[in-house]
Amino acid sequence: MELLRIPRITQDSCKKHLLRGRSLGFVPTMGALHAGHLSLIKRAKMENDVVIVSIFVNPLQFGPAEDLDKYPRDIEEDIRKLRQEDIDILFLPDNNLMYPQSFSTSIEVGALSERLYGKFRPGHFRGVATVVAKLFNIITPTRAYFGQKDFQQTVIIKKMAKDLNFDVDIIACPTMREHDGLAMSSRNVYLDKEQRRAACVLYRCLIKASDTVQSGVTSGKKIRELMKDIISSEPLIAGIDYASVYDPETLEEVDEIKNNVLFAVAVRIGKTRLIDNIFLIL
Ligand code: AMP
């Protein structure tokens, strides 16, 4: 595994692979790697000649009061896991090389960024779109892999790639879960034992909502009420940011459920914000 830190050198190295006719599979991450990240990497390995993983805790996507400084980092352990997966290139850029003092460009994807998570983390998706555009230009991937756990992020990246003609296939991969259904997340380490137990309510709520729609309920309002009731029944939930049913393409709330829908939740447990979603094909 090659470890590269300098964008220009990484760009040259990736271009050389492309010139030799090799496909490049790219998995962008913020590190603290878990089995969810590894599932993306395994998929990228299956479908490409060369696999590149980036680890970069992108300051642009964190608000001033958010957890940038204490975001979990364990680079030694990450490198060990990546060697085990036998990836080709780890891109580990330095913050100053990604964002020199003169840096001033940003990418706004529009309305999709204002919905769900965007309402509660203003500027978050501008930061995500900007860093992903930079990474795409550095890596020039054939395919890039994103988790369905961050469904909104995947929709926004697909839109950005389409609008700006990035020549890359965006591939959405299923959410990896713990044995009790909790979606794997680097932020789960923030939870103490009781909070960890309480966090299962997210998946429980999503499954119940999906089962209820499958049993014939089509009212978005009823499903929203049901989801909020289930989450509120867990005393350790400090607040619900959203819990609702959405159109998976526009990310708008659905009032009458007729076609495929996305159930999505974001809650706070202590100071930790957790998100999850499931998709129902009708
Ligand atoms: P992050 O390091 O949290 O920015 O995540 C990097 C990538 O891994 C994103 O595309 C996430 O959607 C994806 N990811 C995070 N958690 C999971 C999970 N539990 N299952 C599958 N993919 C995930």
Looking at [X], I'd like to know if its [atom1] atom is crowded, meaning that more than 12 non-hydrogen atoms belonging to other residues, nucleotides or ligands lie closer than 6.0 Å.
X      : atom1 : answer
Lys208 : NZ    : no
Lys81  : NZ    : yes
Gln214 : CD    : yes
Glu225 : CD    : yes

*asked:* So, using side chain to side chain contact (heavy atoms under 4.5 Å, CB included) as the criterion, who are the partners of Asp49 when residues are at least two apart?
replied: Arg22, Ser23
*side chain to side chain contact (heavy atoms under 4.5 Å, CB included) involving Asp78 - partner list, sequence neighbours excluded*: Leu33, Ile55, Ile75
Side-chain heavy-atom pair [X], [Y] within 4.5 angstrom cut-off:
X      : Y      : result
Leu40  : Ile171 : no
Ile89  : Val53  : no
Leu3   : Phe91  : no
Val265 : Ile275 : no
Leu262 : Leu251 : yes
Gln152 : Leu112 : no
Leu182 : Leu202 : no
Arg143 : Phe26  : no

Ignoring hydrogens and angles, tell me if any N or O in the side chain of [X] forms a donor-acceptor pair with the backbone of [Y] under 3.5 Å.
X      : Y      : answer
Thr140 : Asn137 : no
Thr154 : Gly147 : yes
Arg115 : Tyr246 : no
Thr29  : Ser54  : yes

Out of curiosity, [X] [atom1] to [Y] [atom2], how far, rounded to the nearest 0.5 Å?
X      : Y      : atom1 : atom2 : answer
Ile257 : Ser219 : CD1   : OG    : 7.0 Å
Gln148 : Asp276 : CD    : CG    : 9.0 Å
Cys173 : Lys42  : SG    : NZ    : 13.0 Å

*asked:* Set out, in order, the CA-CA distance, both residues' side-chain angles and the distance that settles side-chain hydrogen bond (donor to acceptor under 3.5 Å, both in side chains) for Tyr71 and Asn58, then state yes or no.
replied: CA-CA 11 Å; Tyr71 191 83; Asn58 172 35; over 6 Å; no
_Between Phe146 and Val27, does the side-chain contact (heavy atoms from CB on, under 4.5 Å) criterion hold? Intermediate values first, please._
CA-CA 7 Å; Phe146 292 85; Val27 183; over 6 Å; no
_Lys158 to Phe166 six-membered ring, cation-pi geometry met (6.0 Å, 45°)_ = no
_Between Val267 and Val201, is the side-chain contact (heavy atoms from CB on, under 4.5 Å) condition met? List the steps._
CA-CA 10 Å; Val267 304; Val201 76; 5.8 Å; no
*Would Arg43 and Glu47 satisfy salt bridge (Lys or Arg N to Asp or Glu O under 4.0 Å), going step by step from the backbone distance to the final call?*
CA-CA 6 Å; Arg43 171 98 183 256; Glu47 298 178 352; 2.7 Å; yes
*Going by the salt bridge (Lys or Arg N to Asp or Glu O under 4.0 Å) test, which pairs reach into residues 182-192, not counting sequence neighbours?*
Asp67-Arg187
*Verdict with supporting geometry, Thr218 and Lys258, side-chain contact (heavy atoms from CB on, under 4.5 Å)*: CA-CA 7 Å; Thr218 58; Lys258 293 185 216 133; over 6 Å; no
When the ring planes of [X] and [Y] are compared, do they come out parallel, tilted or perpendicular, using 30° and 60° as the limits?
X      : Y      : result
His37  : His34  : tilted
His124 : Tyr117 : perpendicular
Phe151 : Phe279 : parallel

*Consider only side-chain N and O atoms of Arg126 and Ser106, and report whether a donor and an acceptor are under 3.5 Å apart.*
no
